[in-house]
2 protein chains.
Amino acid sequence: MDIKKNKIIEVAEQLFAQFGFFKTTMEDIAKKAHMAKSSVYYYFKSKEDIFAEVIRQDTFLFQQKLEIAVAAADTPEAKIRAYVTTRMTHLQDLSKFYLTLTDEYLDHYFFVEEVRKNFYEYENRVLKNLLLDGQEQKYFDVDDITVISRMISIAIKGLEYPLFVDKNGYDPVQESNDMLDVIFKGIEKR
Amino acid sequence: MDIKKNKIIEVAEQLFAQFGFFKTTMEDIAKKAHMAKSSVYYYFKSKEDIFAEVIRQDTFLFQQKLEIAVAAADTPEAKIRAYVTTRMTHLQDLSKFYLTLTDEYLDHYFFVEEVRKNFYEYENRVLKNLLLDGQEQKYFDVDDITVISRMISIAIKGLEYPLFVDKNGYDPVQESNDMLDVIFKGIEKR
DNA sequence: CTTTCGACCGAAATACGGTATTGGTCGAAA
DNA sequence: TTTCGACCAATACCGTATTTCGGTCGAAAG
């Protein structure tokens with residue numbers, strides 16, 4: 001039954017967010033879902049499986065959010081700005097909620113490594129397409145789109161760090177837009 | 001006697017590079033410097049003291065190297081490129097030598113935190129000055145130098161990561177110059 | 001007076017062994 | 001098809017005994 005499976009995912013998400021992957025036991029999940037541990041194993045073959053599914057859903061929602069934001073903007077520049085600021089604010093929210101996950105991040109990076117890699121590839125694809133659009137619409141002037149999109153990724157990634165460390169008084173939208181100002185306009189006199 | 005003090009620093013540097021801060025004992029340092037542990041304490045008041053001195057010397061040499069590279073370039077743009085590429089190649093060398101240090105980096109970050117912060121401030125100062133020069137010589141066109149220099153720092157920092165992880169087949173000079181192309185010229189059509 | 005050293009200290013890391021948890025399995029029953 | 005209690009092997013955890021390590025001290029050598 002799908003409703004039970006969703007119940008498990010639902011409670012697991014809460015537990016993972018609150019306690020992290022390791023401190024959450026299968027017993028906890030089972031109890032919160034009102035069933036025996038073995039029953040959980042009827043629906044999922046392992047704890048990692050549940051985690052993977054939770055992440056899969058979260059990622060899907062995240063990407064949906066990004067696509068809506070991008071679609072709502074009209075010029076290529078606005079689309080890229082929308083992408084980046086949406087991305088940053090979402091990550092900021094995540095960092096508040098998933099705080100144990102970021103602490104543990106070294107332990108189970110086998111997992112998260114892959115998710116990160118996938119997201120990085122996704123981001124690269126999106127940026128490339130947006131650059132290509134901008135190129136075709138004569139908004140941008142770049143020769144190697146692959147290189148440029150990687151550079152933008154890297155620059156954005158640099159803005160991530162304070163989200164998980166400094167925490168207070170950091171405005172990701174402001175910082176992102178400053179960064180994008182540089183990337184769009186450059187600093188050379190025209 | 002200064003010659004003994006230098007001997008200690010010399011052997012300590014080797015040991016720290018090879019084994020890291022924690023795995024290196026005062027006993028090790030003393031033995032390698034051919035004296036008793038207490039004698040080391042005659043010259044330095046603590047292990048951290050020795051470490052600080054090692055770092056101080058390395059940093060000094062690093063900054064000297066940077067200044068020479070910058071002075072050798074003529075235009076503001078060339079100076080910034082010289083700064084960045086020198087910085088990246090030096091860090092690449094460091095990452096090979098100090099490999100244990102980067103692994104341990106989470107443990108003794110009390111220490112390294114400060115060094116990093118100092119270097120970050122130094123870098124910011126240098127970049128600001130170079131930007132200001134470029135501004136005055138009408139090479140650059142930026143309104144808020146503080147913001148711009150921070151953005152450049154962040155972008156460069158993003159390039160650092162692969163040095164300590166991917167390791168193989170990463171060309172920091174190439175990547176740096178690609179990044180600087182974006183920063184100087186921007187991607188908008190002119 | 002400078003320098004070296006062996007002996008020593010307290011705190012913290014480590015080793016260890018026994019116990020409790022935990023992820024996962026299985027077969028029975030509903 | 002779904003649920004569950006009983007069970008297993010591996011590992012986490014916990015208290016303790018032991019070692020290691022950073023740092024001190026006083027004596028002695030030069």
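Values reported hereafter were calculated over all heavy atoms of this structure, with side chains retained and with hydrogens, waters and symmetry mates removed.
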Residues at least two apart in sequence or cross-chain that pass side chain to side chain donor-acceptor pair (under 3.5 Å) with B:Glu53, listed by chain then number, are B:Arg56
Partners of B:Asp58 by side chain to side chain donor-acceptor pair (under 3.5 Å), sequence neighbours excluded? B:Tyr98
To the nearest Å, how far apart are [X] [atom1] and [N] [atom2]?
X: A:Ile29; N: C:dG23; atom1: CD1; atom2: P; value: 8 Å
X: B:Asp2; N: C:dT2; atom1: CG; atom2: P; value: 15 Å
X: B:Asp28; N: D:dC21; atom1: CG; atom2: P; value: 8 Å
X: A:Lys31; N: C:dG23; atom1: NZ; atom2: P; value: 12 Å
X: A:Lys5; N: D:dT3; atom1: NZ; atom2: C1'; value: 17 Å
X: B:Lys7; N: C:dT3; atom1: NZ; atom2: C1'; value: 18 Å
X: A:Phe44; N: C:dG23; atom1: CZ; atom2: P; value: 15 Å
X: A:Phe22; N: C:dG23; atom1: CZ; atom2: P; value: 10 Å

According to a strict under-4.0 Å criterion, is A:Lys23 in side-chain N/O contact with OP1 or OP2 of C:dT22? no
Short side-chain N/O contact from B:Ser39 to OP1 or OP2 of C:dC5, under 4.0 Å: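 For C:dC5, OP1/OP2 do have a side-chain N/O of B:Ser39 under 4.0 Å.
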Taking D:dT2, C:dT22, C:dC5 as options, the one with an atom nearest any side-chain atom of A:Tyr43 is D:dT2
Listed nucleotide nearest any side-chain atom of B:Tyr42, set D:dG5, C:dT3, C:dG23: C:dT3
Enter the inter-axis angle for the ends of the helix from C:dC1-D:dG30 to C:dA30-D:dT1 (five pairs per end, rounded to 10°).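 Overall, the helix from C:dC1-D:dG30 to C:dA30-D:dT1 bends by 30° from one end axis to the other.
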Passes side chain to side chain donor-acceptor pair (under 3.5 Å), A:Gln174 versus A:Asp178? Steps please. CA-CA 6 Å; A:Gln174 176 66 46; A:Asp178 286 347; 3.2 Å; yes
Taking salt bridge (charged side-chain N to carboxylate O under 4.0 Å, His left out) as the definition, give me every residue that meets it alongside [X], ordered by chain and number, with sequence neighbours left out.
X: A:Arg125; value: none
X: A:Glu13; value: none
X: B:Asp181; value: B:Arg81

Through direct or indirect side-chain contacts below 4.5 angstrom among Ile, Leu, Val, Met, Phe, Trp and Tyr, which residues connect to B:Val173? none
Which letter, B, S or -, goes with each nucleotide of nucleotides 24-30 of chain C from 5' to 3', with contact meaning a protein heavy atom under 4.0 Å? BBB----
When you measure from the centre of the six-membered ring of A:Tyr161, is the NZ or CZ of B:Lys157 closer than 6.0 Å and no more than 45° off the axis?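 Yes, cation above the ring, under 6.0 Å and within 45°.
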Under 4.0 Å between any heavy atoms, over every strand shown, what does A:Thr25 touch: base, sugar-phosphate, or nothing? Just pick one. sugar-phosphate
Listed pairs under 3.5 Å, donor-acceptor, residues 63-71 of chain B side chains, sequence neighbours left out:
from	atom 1	to	atom 2	distance (Å)
B:Lys65	NZ	B:His90	ND1	2.9
B:Glu67	OE2	B:Tyr122	OH	2.8

